[in-house]
Visitor: 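My questions will all concern the structure given below.
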Amino acid sequence: MAIGLGHSIREIGAWLGISGYLRFPENQFVRYLAIDSRTLNHPEETMFFALKDKRDGHDFIPAAYAAGLRFFVVSESYKLVQDNFPDAYFLVVKDTLIALQLIARQHRQAFKLPVIGITGSNGKTLVKEWLYQLLQGEEQVRRSPKSFNSQIGVALSVWEIQAGDTLGIFEAGISKRKEMEALRDMIQPSIGVLTHMGDAHQSGFSSMEEKLKEKLKLFDGVETFIYSPAFIPNHFKETLPGQHKFTWLLDEKGEADLKVQQLSVNEGMAELMMTYKAEVVIIKLPFQDLASLENLAICLATLLVLKFKLPEAVQKLKFLHPVSMRMTLVKGFNDCSIIDDTYSSDLDSLKIAIDFLKQQKQHPKHSLILSEVLESGLAAEVLYSQIANLIKQNEIDRFIGVGPIISAHAQLFPKSAVFFESTEALLEQLDALHFAKESILIKGARRFGLERITALLSAKAHDTVLEINLRALNDNLQAYRRLLQPGVKLMAMVKAFSYGSGSYEIANLLSFQKVDYLTVAYADEGVQLRQSGIKLPIMVMSPEPNAFQLMWDYKLEPEIYSLDLLAVYLQFLKLNGISDKDRKLVPIHLKLDTGMHRLGFEAHHISALKALLKDNPALQVKSIFTHLVAADEAVHDDFTHLQIERYQKMYEDIITVLDDKPLRHVLNTAGIARFPKAQFDMVRLGIGLYGLGNDFKGAEELQSVLEWKTTISQIKQLEAGETVGYGRSGKITRPTLLATVKVGYADGYSRKFGNGQGKMRIQGCEVPTLGSICMDMCMLDITALAERAITVKPGDEVVIFDSSDTIRQLAAQLDTIPYEIVCNISQRVKRVYYYE
Ligand SMILES: *Cc1c(COP(=O)(O)O)cnc(C)c1O
């Protein structure tokens, strides 16, 4: 990834303090950096950093070498066998991440350009993208791709600065103390922008103030610091960074250089008054939620700092458009899967999107509809030959190019590729292309309006959707992985439709991230995963005898929890001609009951179990496990330890009759965080993946994965004395504005949420239910919206929950646990997956 100016390998050796760097070849240049073995376009000019991040990057070295890479930065602990890589150069360092950051810093120092550094708890990526939209014509802007704001992301972003760039815009994100210093040293901002600071608790920090203090470190040494006093406690004000300060305030009393006031809102347009140094401009803009208005104010403040005049800067705001970094995955017609990424078009985001396309195993066929890639800074010939290479390397089965320039380079692409001069031309021919049973990535610059293609190919969106953030799910997976001892395997629990989140969509991601095992509750869930191309080993927790054949055919591995079940299974095997001669042919898992008293062998079953195992060498015990009853509750820790002890005893006893040692596993989500000593050979991660772990003591906080949304069907104005809904339980005592929304108890929205118990949100404003919840819909009292001059109409979005916290609140209200809330969301609620 990343194109740089190029530095010689000698120079990099010197920076990293590699002894003997002078023996490196003099005229070898490094222009690209890689951290995994995917999509390497110029292996001979790429340097590979073996990072210990999500996975140990050292594992990718053989593949990267085979792809032609010759420069590797590896850690001291790596057992290098140079004979395997005869002509490669290995730069051995203590810490490969620090090495990567060091060369990013050196690269950054080679350029004198002004750089805007952005941090805060919300809105970083949005502000970065908006500033890019605003300044693009005036400057040659280099910015972080997507939300690359981490310790690695910033290094890769900064490396992209090239000769000719006149402005850099980079975002920095941290999750714990002592992370910002490294980001600051790489970004070296001259202008600092602090975005919204939320008061959400973050486990990496001891307090809000500490979080703010750490974030402010990005701005040490900036010329100008742009912030809102609303986010800064008074006693901080003496010690703020920046030779100059520029302050802004939204709708608040107080002093600030720039004040933005919302005069009115109508039909989605806000009328705003901007005041700067006795100058006033009033303008209507198509944004009205608080977050967008804050981000608008921040962008305007930045333009003013960059010496634009107020009227000119305000005019520019008119051209802002909403930013979506979202790549969504939805079901399409003719059994297709549609990946919609029609908001951005640059090489990096294309690579990310192609990776995502290739993860989709549910259809063997992968197709790509791509518009011209704009603003790459490359000559068309170079650009499209790179893209054609990507298509070939990734074995895209069907390629469709849209636009005159890409069409003019058709000869670079595989012969089967099809081209259209315009989106309109493609639209006309869409039926003739006969899309069926394939995964289709639709990717392109906004200007081409490829979302029209998405709309035609995807099944009509329902009005009530459960959105699943795959990036957050992936981050949660990695957060738990970091808690594992080296070598401990991970089993991901995808039972009950992945806790309500989906089936193959989640399994594809888990399989791409190389978890070791998947677990489902019933055989049919496993069959569905196999039919969608999932190759991982799959354990079935409730194997029913009438599904044994199916499980056998689809290579699903049963959990055996009783002598009876084992006897029936052995009988099934015998009937199918499996005999004692077929040694270790039949994988099974043994569940031990150490205190749950649900399923599992108890201590007094063990001798009979041993006898059966001994007599049936065709069985291969893959794992022996137990389940903790209260891993999340400190009051029961003694019992947890007792369970672990009982488990170990039973395990040791069973293996006396086995030739090898089956995998041991005990811990669920809460256990992983709370009983690190009991990780044994594998752990079973469930609810934590979905962002709902209880007691997570890891470094980062878990991210919310799920958002449940519906829409307004009708709005009514009612007078006092009327009632709403069945049984007249919703009494109207004052003039009331009412909205009927498309979610009811058949969707999983409990009747207990009726009569004001449940709250939803419309444009950030909380509104209660009114009357009882019906089967397919319910009513909300939205009078509060009218009081705040917010207008809504049928079709507008209503949020049922949008974070793990709101899911926990709903669970608490019903006196249940988050698991039940999410598993109850009916299958008729359409799942939309996105990646950002
Ligand atoms: C569901 C389940 C898990 C996962 O539990 P979480 O609390 O969701 O992590 C682990 N083991 C077994 C046997 C389970 O049934």
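The model shown is predicted, which means the values in this text are computed figures rather than measured ones. Whatever order the structure lists them in is the order used to number ligands and atoms, beginning at 1. Numbers here are sequence positions counted from 1.
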Visitor: Between Met541, Arg684, Lys495, flag the one that comes closest to atom 14 (C) of ligand 1 by a heavy atom.
Guide: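 Looking at heavy atoms only, the winner is Lys495.
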Visitor: State if Arg598 counts as touching ligand 1 under the rule of any non-hydrogen atom under 4.0 Å.
Guide: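 For ligand 1, residue contact (heavy atoms, under 4.0 Å) with Arg598 is present.
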Visitor: Do Phe680 and Tyr647 make the cut of ring centroids closer than 6.0 angstrom?
Guide: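 Yes - the distance between ring centres of Phe680 and Tyr647 falls below the 6.0 Å cut-off.
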Visitor: Would Lys591 and Arg598 count as a side-chain contact (heavy atoms from CB on, under 4.5 Å) here? Give the steps.
Guide: CA-CA 10 Å; Lys591 159 99 84 65; Arg598 185 172 66 179; 4.1 Å; yes
Visitor: Is it the case that ligand 1 has an N or O less than 3.5 angstrom from some N or O of Lys591?
Guide: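 No, there is no polar N/O contact under 3.5 Å.
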Visitor: Mind checking whether His627 and Tyr561 have ring centres under 6.0 Å apart?
Guide: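 Not under 6.0 Å, so no.
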Visitor: Going by distance only, is there an N or O of Gly688 that falls short of 3.5 Å from an N or O of ligand 1?
Guide: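 Such a contact does not occur with ligand 1.
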Visitor: Please verify the inter-ring angle class for Phe548 with Tyr569; under 30° counts as parallel, over 60° as perpendicular, anything in between as tilted.
Guide: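 Phe548 vs Tyr569 ring planes: perpendicular.
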Visitor: Using the six-membered ring wherever Trp is involved, compare the ring planes of Tyr819 and Tyr499 and label them parallel, tilted or perpendicular (cut-offs 30° and 60°).
Guide: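 Geometry flag for Tyr499 against Tyr819: tilted rings.
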Visitor: Nearest protein heavy-atom contact for atom 9 (O) of ligand 1: which residue, which atom, what distance?
Guide: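 Sorting protein heavy atoms by distance from atom 9 (O) of ligand 1 puts Thr669 OG1, 2.4 Å first.
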Visitor: Under the 3.5 angstrom rule, does the side chain of Asp802 hit a backbone N or O of Glu707 as a donor-acceptor pair?
Guide: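 Not confirmed, Asp802 side chain does not pair with Glu707 backbone.
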Visitor: Please list, in number order, the atoms of ligand 1 under 4.0 Å from a heavy atom of Met493.
Guide: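 Atoms satisfying the 4.0 Å criterion: 2 (C), 3 (C), 4 (C), 10 (C), 11 (N), 12 (C), 14 (C).
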Visitor: What's the shortest distance from atom 12 (C) of ligand 1 to any protein heavy atom, and which residue and atom give it?
Guide: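 Answer, as residue, atom name and distance: His627 CE1, 3.4 Å.
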Visitor: Closest non-hydrogen protein atom to atom 7 (O) of ligand 1, residue and atom name please, with distance?
Guide: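 Heavy-atom neighbour on the protein nearest atom 7 (O) of ligand 1: Tyr819 OH, 2.6 Å.
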Visitor: If you look at every heavy atom in Gly595 and Phe639, which pair is closest and at what distance?
Guide: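 Looking at all heavy atoms of both residues, the closest pair is CA-CZ, 3.9 Å.
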Visitor: For atom 8 (O) of ligand 1, what's the nearest protein heavy atom and its distance?
Guide: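 Checked against all protein heavy atoms, atom 8 (O) of ligand 1 sits closest to Tyr499 OH, 2.5 Å.
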